[in-house]
Each structure stands twice: as C-alpha cells, then as structure tokens.
Amino acid sequence: MILNWKKGGLLLGLVFLVAVVLVKPIGVSTQFVIFDGILWDAVNPAVVVEAPEAKSGYASPNAYLNKSGGSYARNVANPLNYSFVFVLAMIAGAGISALLRGGVGREERTMPAIWRANYGDTPWKRYLSAFAGGFIVLYGARLAGGCTSGHMMSGMMQTAVSGYLFAAGAFAAGIPAAMYLYNREA
Amino acid sequence: MTTIVLAIIIGAAFGFALDRVGATNPGYIISMLRLGNLHLMKTILLAIGVASVVLFTGLLSGLIDPGHLSVKTAYAGVVIGGALLGLGFAAAGYCPGTGLAAAATGRKDALFFTAGGLLGAAAYMGSYAWVKGTGVLDSHCRRQDHARPDRRYRLSRTGRADLRRGHRHRARRDLHHDRLCTARPASP
C-alpha cells in the first residue's frame, strides 16, 4: 500500500530538491510558533505591533517573536506567507493522499498497532503520551532551531554541520528510548 | 503571489509524499527507531542522498541558483534540542511535519500530538529569554577569540611547545574552529 523505499525515497528527495531550488529549504516546526502567535495575538493584540524602526516592520514584547528584527512577529501579523501556507498545503496534501488510498482503518486511527501490543487498548493513555511527546518534540525542535524536515532532511542534503549534529542528537536519544518504550513487536 | 502558488504546490506535494512513504504512520517511525523495520530509514537516507547529489551537481554546473540555499548555524542547543525531539519522536511516533500530516489522514492521536506541540512551542516562547541566557544558543563560530590570529594557538612541529599545559588542547580547539567555521557552503 505504501511506496517501497526506492520509489518513496526518490519522490521525497525530489520534493526537498524542488523546494530548495525554487524557494527555500522545507521546514515545519517554526509554524507551530507562528500559529501560537496568531492565537495569542487574537486574545491580546499587544503581542504583535507594527514597529517601523524594526527590520521586519513588526515587534513583540515576547523575546522569541521579536528576535531577528521581529521576523516571527511579521509572519504572525501576515499569515499568508510562504512558510505558513506551505504547512497548510502539506496538511491538505496528506489528507488528499489518505482519501485517495481509502483512509486509515478505524482501530489504527486511535493508536498504532505497536502501541496496542505494548500498552493495551485504552485510548486516553495513548492520547496522553502523544500529547506529552508533542510537547517535548516541539520544545526540542525550537531549541534546535528546526525539526526533522528543516534540520535533518534539508540540512543534511545541503551538508550543513547543524543538520548532522541534530540527526546525531535525535537518533542517539530516540533509538534507545524507542527500544525501551516498545519491547514488544506489533 | 507566485510564492503563495509555489507554497501550495510544493506543500501539497510534500504532504502527499509523506503519506505515501508511510511517514504519517507512527508504527513505521517507532519500528525504525527500535531498529525493527527500517523501511523509513532507507526512504529518508535515499531522499537525502539523491537530493544532495543532484543539488551539488546542479550547483557545480551552474544550473541551480545557490541563492535559495539556507544553512542553519550550529550551536549546543542543536544537539540538546535534537535529543529532546528524539525522545518525543520515540514516544509519540510523530515529528512536527508528520504529526500534522497524520492528523489530516484521520489519526486522532496525532491531534493530541499537535496540541501538545503547540503547547511545547508556546513554552519555548515563554522560556526563550532564559534559554538564551544559558549560552546554549551561542554559535561556536561567533566566539571570535578562536579566530583572532594574535590569540591563536598552533601545534608546533617539534612538539616542544605542546608540552606547555593546555597548549595542545587550545591548538586543537582552534583547528576545530577553523574546520567548522570556514569553508562552509555559502549561506545568504
């Protein structure tokens, strides 16, 4: 049902290549910050303000949104920018692909088989672990300045030292963690 | 406008590809990390390899404009952050991109992953000033004293100067600095 690694690898490699040739390297995790910023700004309009003296034209009292001349603040104020629309389109593309191949099975939607084999059938346990996992994944990605897409795929293909360092850190922690957490096969 | 159209086309192609290679299935990611089924590992490595070879062939032959390349800086936080991401990657079976894509395919646990991710990103926004203060975000290459010629240490040919305490260590550090911070691909 899924593409074998040869076809899949070529397809995925082609997408990363086209992105870097035509626009810029693919990255996703920054847009979690931008979306947070949009929500935060909707509740409190003082979070992002116009600032003609800033490099981007926008500023924020939050040090992170305000860094690099307020470039994140600008993207919060104008969500119709390349990177944010890219992530929305990615979500749509994955949804379309899943529709065309007949969707994900009912059981699988709640949790993957390997979780069920190790921790049983209780949905909230899986949801809790996915939530906690999401928290540290994004905290780590922002600390590293990129995630699997931006650092590992885009970075390593450009032979960036940071991409290799990131991959080393991710697998050095991820492999033993996965071995410890998932003893039993699916 | 053109960039928005490109964002839609490339973004949709990326989401489609992620789903078709099986990356939206946390089962494959967990199996890869526990070194069981290496399908995704092979896919990712082939993708990086092919893209890299074509990219550098294109750059050398002048067919690809290097202006779109963007290399991120290396600092201690890259490894620490990578390790944190690795832990969550193993527990959840999702990374930021595949989590969002998986939520779109109807996986409910991916919605919880996304919610946790939004909170984690918010926590980073909140703690950024503190993190910056610890120095883990400082680029290795920005420590200018390694690069200043008058403050450099060199490995001596006879090895006599190396006997001085710490000299050898500092000389190695300066060499390491050169290797990491000069002769890197052009970044805009």
Side-chain angles (χ1 to χ4, degrees), chain A residues 2-3 5 8-9 11-13 15-17 19 21 25 28-29 32-33 36 63-64 82 85-86 89-91 93-95 97-98 104 109 112 114 126-127 130-131 133-144 147-149 156-157 160-162 165-166 169-170 173-175 177-179, chain B residues 3 6-8 10-17 19-22 26-27 30 33-34 42-43 46-48 50-52 64 68 70-72 74 77-79 81-92 95-97 100-101 104-106 109 112-113 116-117 120-122 124-125 128-129:
Chain A
I2 57 163
L3 293 171
W5 66 271
L11 175 66
L12 202 58
V15 176
F16 274 91
L17 182 69
V21 169
V28 176
S29 65
F32 278 77
V33 174
D36 275 338
Y64 195 52
Y82 175 83
V85 173
F86 175 91
M90 174 195 77
I91 296 169
S97 164
V104 176
R109 280 177 183 222
I114 193 161
R126 168 60 185 161
Y127 294 158
F131 185 88
F135 184 95
I136 52 173
V137 163
L138 262 300
Y139 193 91
R142 287 336 299 156
L143 174 58
C147 62
T148 328
S149 314
M156 286 170 78
M157 71 176 268
V161 174
S162 53
L165 289 176
F166 175 85
I175 290 173
M179 285 179 158
Chain B
T3 55
L6 282 173
I8 293 169
I10 304 174
F14 182 47
F16 194 91
D19 185 57
R20 288 302 157 116
V21 302
I30 292 166
L33 288 176
R34 62 195 288 280
K42 288 187 255 182
T43 307
L46 180 65
I48 294 173
V50 167
S52 199
I64 291 176
H68 297 297
S70 168
V71 171
K72 295 171 192 269
V78 171
V79 183
L84 281 175
L85 178 135
L87 292 177
F89 198 33
C95 61
L100 288 172
T105 69
D109 53 353
F112 285 87
F113 174 86
Y124 189 72
M125 282 162 76
Y128 175 72

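Just so we're on the same page: letters track the sequence lines, and every chain starts at 1.
- The choice from Ala130(A), Gly133(A), Ala98(A), Gly13(A) that makes the most heavy-atom pairs within less than 4.5 Å of chain B is Ala130(A).
- Remark: Tyr127(A) engages no residue in a side-chain hydrogen bond (donor to acceptor under 3.5 Å, both in side chains) (not counting sequence neighbours).
- Side-chain contact between Val15(A) and Phe16(B): absent, with no pair of heavy atoms (C-beta onward) separated by less than 4.5 Å.
- Most heavy-atom pairs under 4.5 Å with chain A: of the set Ile30(B), Leu46(B), Leu87(B), Asp109(B), this distinction falls to Asp109(B).
- Annotation: maximal heavy-atom pairing with chain A below 4.5 Å, among Ala90(B), Gly86(B), Gly88(B), Ala7(B), occurs at Ala7(B).
- Contact annotation: the side chain of Ile48(B) never approaches that of Phe16(A) to less than 4.5 Å [non-hydrogen atoms, C-beta and beyond].
- Pairing each heavy atom of Gly27(B) with each of Pro112(A), the nearest pair is N-CB, 3.9 Å.
- Proximity of Arg34(B) to Ile114(A): side-chain heavy atoms (C-beta onward) are separated by under 4.5 Å at one or more points.
- To the nearest 0.5 Å, the span separating CG on Leu84(B) from CG on Leu138(A) amounts to 11.5 Å.
- Side-chain contact check for Met90(A) versus Leu100(B): some heavy-atom pair is nearer than 4.5 Å.
- A pairwise comparison of heavy atoms in Thr148(A) and Pro96(B) identifies OG1-CD, 4.5 Å as the closest pair.
- Only the side chain of Ser149(A) comes within contact range of chain B, with at least one heavy atom under 4.5 Å from a heavy atom of that chain.
- Scanning for side-chain contact (heavy atoms from CB on, under 4.5 Å) contacts around Phe135(A) gives Leu119(B), Ala123(B), with sequence neighbours left out.
- The minimum heavy-atom distance between Ala17(B) and Leu12(A), with the atom names listed, is CB-CD1, 3.9 Å.
- Nearest heavy atoms, Ala63(A) versus Ala129(B): CB-CB, 4.5 Å.
- Chain A forms the most heavy-atom pairs under 4.5 Å with one residue out of Gly77(B), Gly117(B), Ala104(B), and that residue is Gly117(B).
- The CG atom of Leu85(B) sits 14.0 Å away from atom OH of Tyr139(A), with the distance rounded to the nearest 0.5 Å.
- The backbone N or O of Asp19(B) sits nowhere less than 3.5 Å from a side-chain atom of Ser97(A) that would complete a donor-acceptor pair.
- To the nearest 0.5 Å, the span separating CZ on Arg142(A) from OH on Tyr128(B) amounts to 10.5 Å.
- Panel note: side chain Arg126(A), backbone Ala92(B); a donor-acceptor pair is recorded below 3.5 Å.
- Annotation for Tyr82(A) and Leu6(B): closest pair CE1-C, 4.1 Å, computed over non-hydrogen atoms.
- Taken to the nearest 0.5 Å, the CZ atom of Phe112(B) stands 9.0 Å off from the CZ atom of Phe131(A).
- Rounded to the nearest 0.5 Å, atoms CG (Leu11(A)) and CZ (Phe14(B)) are 10.5 Å apart.
- At a threshold of 4.5 Å between non-hydrogen side-chain atoms, the residues Tyr124(B) and Leu143(A) count as touching.
- In this structure, chain A has a heavy atom under 4.5 Å from the side chain of Ile64(B), while its backbone stays farther away.
- In terms of heavy-atom proximity, Ala121(B) sits nearest to Phe32(A) at CB-CB, 3.9 Å.
- Most heavy-atom pairs under 4.5 Å with chain B: of the set Ala19(A), Ala178(A), Gly8(A), this distinction falls to Ala178(A).
- One finds the CD1 atom of Ile136(A) at 12.5 Å from the CZ atom of Phe89(B) (value rounded to the nearest 0.5 Å).
- Heavy atoms of Val79(B) lying under 4.5 Å from chain A belong to its backbone as well as its side chain.
- The backbone N or O of Met157(A) sits less than 3.5 Å from a side-chain atom of Ser52(B), completing a donor-acceptor pair.
- A 4.5 Å side-chain heavy-atom check between Cys95(B) and Cys147(A) finds every atom pair outside the cut-off.
- Between Met125(B) and Asp36(A) the shortest side-chain heavy-atom distance falls below 4.5 Å.
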